[in-house]
Colleague: 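Structure provided below as structure tokens; questions to follow.
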Amino acid sequence: MTAESTTPGWDHTVDLLVVGSGAGAMAAAIAAHDRQGSVLVIEKSDRYGGNTAMSGGGLWAPNNHLMAAAGVPDSPEDAWTYLKGTVGDAVPEERLRAYLETVPEMVRYMTERTRARFVALPEYADYYQNIPGCRPGGRSIEPLNFDARQLGDEFLKMQEQNPQMLIMNRIFMTVFEARTLLTRAPGWVKLTMQLMGRYWLDLPWRFTSRRDRNLAMGNALVGMLRASLLDRGVPLWLETAARELVVEDGRVVGVVAERKGQRLRIRANRGVVLAAGGFESNQAMRDKYLPNPTRAEWSCGNHHNTGDAITLGLSAGAALDLMDDAWWGPTTVVPGEPHARMLVIEKSLPGGVLVNKRGARFVNEAAPYIDVVNAMYRTTTPDAPCVPAYLIFDATFRKKYPCGPVLQASQQPDWMLPKALRDYFKKSDTVEGLARQMGIDPAGLKATITRFNEFARAGKDLDFHRGETVFDRYYGDEKVQPNACLAPIETPPFYGLESYPGELGTKGGLKTDTRARVLTESGAPIAGLYAIGNCSASVMGHSYPGAGATIGPAMTFGYIAARDAIPA
Ligand SMILES: Cc1cc2nc3c(=O)[nH]c(=O)nc-3n(C[C@H](O)[C@H](O)[C@H](O)COP(=O)(O)OP(=O)(O)OC[C@H]3O[C@@H](n4cnc5c(N)ncnc54)[C@H](O)[C@@H]3O)c2cc1C
């Protein structure tokens, strides 16, 4: 391995400098180290893990080696047909191919050479079941649980999970378990008891931290990768922000960083990998690039993702792409919580409906979350505003299913809601009364619900076809028949909740090629500069082919960037 060294005029010298500490950054650092490069990871905030740590931790990885064992075989041809079918012409074909060819190798590499361990989710369907080459599951994989004790003191420096991924804001569950609990699939009561028991009986850890040590989802993934960096002795400096790129003779040779208030010049002989996330928390950039209205408070993402890497890339002459897009989803802003929550499951469960200010539906609520927000923006008019939209449901829904931060009423009735959440739902004995409280057209809402209830009884949504695909039904309630996503909204009191066009992070950024190299407007690579994850324009274009379509590419192109910068 090339030793870290100092070069005159520089405070620190490495082969590869990685800016940011999400899973893509860590995958790049691991691969570069394993190719005998010296590596440094710098992270702006005082916690590592970024959005990745807050996430579901899933990867969309066609042809991954775990699929066959899960009973869902795949083929490169089908993966290509499906990805091309969802992304269309928004991304050059060679980048799509680079992704599909490398993601299985990256998953295998991480599984065999690091502490990362995954399981395929055989029932987590690709999002577009009408596109040829789709799979009913298996391409999405999730990390296994990871014991935080393997991280020692480093654990408490990890970014905490978004609360929507936790039971009662503290107990971890896997993606598979989340579905069982939230849709009340068979075994959900026993599972609840097991997870609660595991947490509360975990002595003496309970006296050490309120944070659950049985990490799952994004915390598990980041934990596995952080432990693998520790195994390799790769340094990760917290509170160290990249501020400027240093360019010599047209090549990026390092960055000027700010570490705890001090300016540092860090030289990177083989390249700089920008992995500093999107611009979800930068209101000025949102106003400039995203469809309006848009607010940083509607985002589920990390507060430190302020588009820094995009600005740095622009300063070196980089081109941008997809800047008007994000990993959209309808979100709810919960009083007292730092991040919005996405209504991923709630929107699909039977007995609820999303409407605009006229009280009219505008989308298949069970569709992929990006489609719901795209419909919000597409259908909004001055006459029928769709921002916010309103999730309307009845007492039966409230009794059976958790919603946002609130457990189902069978476990947490309205009178048990903490003070901060008393006004979280609006509530009325009549549909019209609820509409008036929320500023929705009462006659419009009444008419919508009457029509929706007819569909629910027949099991057929003639307007938007909700519940017709395996993906729709993934977050439905299979006990509700004939359609797991439809039930009448008829039992008072009626409830309502505002929902906004939020996201899990933005997806537009620096234009890159098959090797993750940052490109100029003319299409030429900027020597020494790579970009991956949400600071790069996504390989998924305007689409979201399946669960994990953001972290899968971030890790894959991180792995590719390291290979390119440090050839074997
Ligand atoms: C609740 C939730 C659930 C999600 N579930 C999934 C899922 O299951 N699968 C999936 O694929 N995606 C999921 N996502 C989206 C996913 O988390 C992100 O798209 C992804 O993690 C982005 O990765 P990244 O590497 O681009 O950035 P991040 O993981 O956000 O890392 C960027 C890091 O860079 C740091 N940084 C910023 N500026 C600087 C600077 N100037 N210098 C140094 N460091 C800097 C930030 O502090 C941050 O730590 C979810 C997101 C959320 C919020």
Side-chain angles (χ1 to χ4, degrees), residues 23-24 27 51-52 54-76 78-83 85-87 96 99-100 102-108 110-111 116-131 133-145 164-165 173-180 182-183 185 216-222 224 327 329 342 344-345 348 366-371 469-476 504-505 507 533 538-540 543-556:
N51 250 3
T52 315
M54 299 164 64
S55 77
L59 278 68
W60 189 71
N63 278 302
N64 69 73
H65 67 282
L66 305 163
M67 289 180 74
V72 197
D74 202 354
S75 76
D78 281 356
W80 167 254
T81 307
Y82 178 70
L83 185 60
T86 52
V87 175
L96 301 183
Y99 180 60
L100 291 179
T102 318
V103 66
E105 178 188 325
M106 184 280 294
V107 172
R108 194 179 276 282
M110 293 298 152
T111 314
R117 296 291 178 273
F118 301 99
V119 61
L121 295 163
E123 290 176 6
Y124 210 153
D126 286 344
Y127 288 177
Y128 297 96
Q129 289 292 308
N130 55 337
I131 294 191
C134 66
R135 283 289 176 277
R139 286 180 177 156
S140 295
I141 62 175
E142 72 161 325
L144 297 179
N145 284 104
Q164 84 174 81
M165 309 316 236
M173 55 190 163
T174 62
V175 170
F176 178 78
E177 289 165 347
R179 181 199 182 203
T180 305
L182 298 172
T183 64
M217 298 195 188
N219 260 220
L221 178 62
V222 166
M224 290 165 177
W327 304 104
M342 196 170 277
V344 175
I345 301 180
S348 305
Y369 23 94
I370 61 162
D371 292 354
T469 74
V470 209
F471 172 71
D472 284 11
R473 294 192 297 275
Y474 183 75
Y475 285 129
L504 303 171
K507 64 149 70 163
S538 173
V539 69
M540 299 299 164
S543 184
Y544 205 140
T550 92
I551 296 175
M555 290 183 69
T556 302

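Keep in mind that what you see is a predicted model, and the values were worked out from it rather than measured.
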Colleague: What's the shortest heavy-atom distance between I131 and G85, and which atoms?
Modeller: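 Closest pair (atom of I131, atom of G85, distance): CD1-O, 3.6 Å.
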Colleague: Indicate yes or no: at least one non-hydrogen side-chain atom of I345 is less than 4.5 angstrom from one of T183.
Modeller: yes
Colleague: Which heavy atom of P545 sits nearest a heavy atom of T86, and at what distance?
Modeller: CG-OG1, 3.7 Å
Colleague: Between atom CG of N63 and atom OG of S75, what is the distance when rounded to the nearest 0.5 Å?
Modeller: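 So the CG of N63 and the OG of S75 are separated by 6.5 Å.
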Colleague: Is the shortest heavy-atom distance from the side chain of F471 to the side chain of C134 under 4.5 Å?
Modeller: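 No - every pair of side-chain heavy atoms lies 4.5 Å or more apart.
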Colleague: State the CZ-CD distance between R117 and E142, to the nearest 0.5 angstrom.
Modeller: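 With rounding to 0.5 Å, CZ (R117) is 15.5 Å from CD (E142).
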Colleague: Are any non-hydrogen side-chain atoms of Y82 and Y128 less than 4.5 angstrom apart?
Modeller: yes
Colleague: Can you name the closest pair of heavy atoms from D126 and R139 and give their distance?
Modeller: OD2-NH1, 2.7 Å
Colleague: Using the side chain to side chain contact (heavy atoms under 4.5 Å, CB included) rule, pick out the option among L221, T556, N51 that qualifies with I551.
Modeller: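 Answer after filtering L221, T556, N51: L221.
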Colleague: Report yes if the side chains of M540 and W60 come closer than 4.5 Å at any heavy-atom pair, otherwise no.
Modeller: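 Side-chain contact under 4.5 Å: yes.
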Colleague: In terms of relative ring orientation, are Y127 and Y369 parallel, tilted or perpendicular, with 30° and 60° separating the classes?
Modeller: perpendicular
Colleague: Do V103 and P62 have side chains that get closer than 4.5 Å, going by heavy atoms?
Modeller: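 In contact.
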Colleague: Would the distance check show the side chain of S348 and the main-chain N or O of Y475 forming a donor-acceptor pair, the cut-off being under 3.5 Å?
Modeller: no
Colleague: How about L59 and M106: do any of their side-chain heavy atoms sit closer than 4.5 Å?
Modeller: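 A side-chain contact under 4.5 Å exists here.
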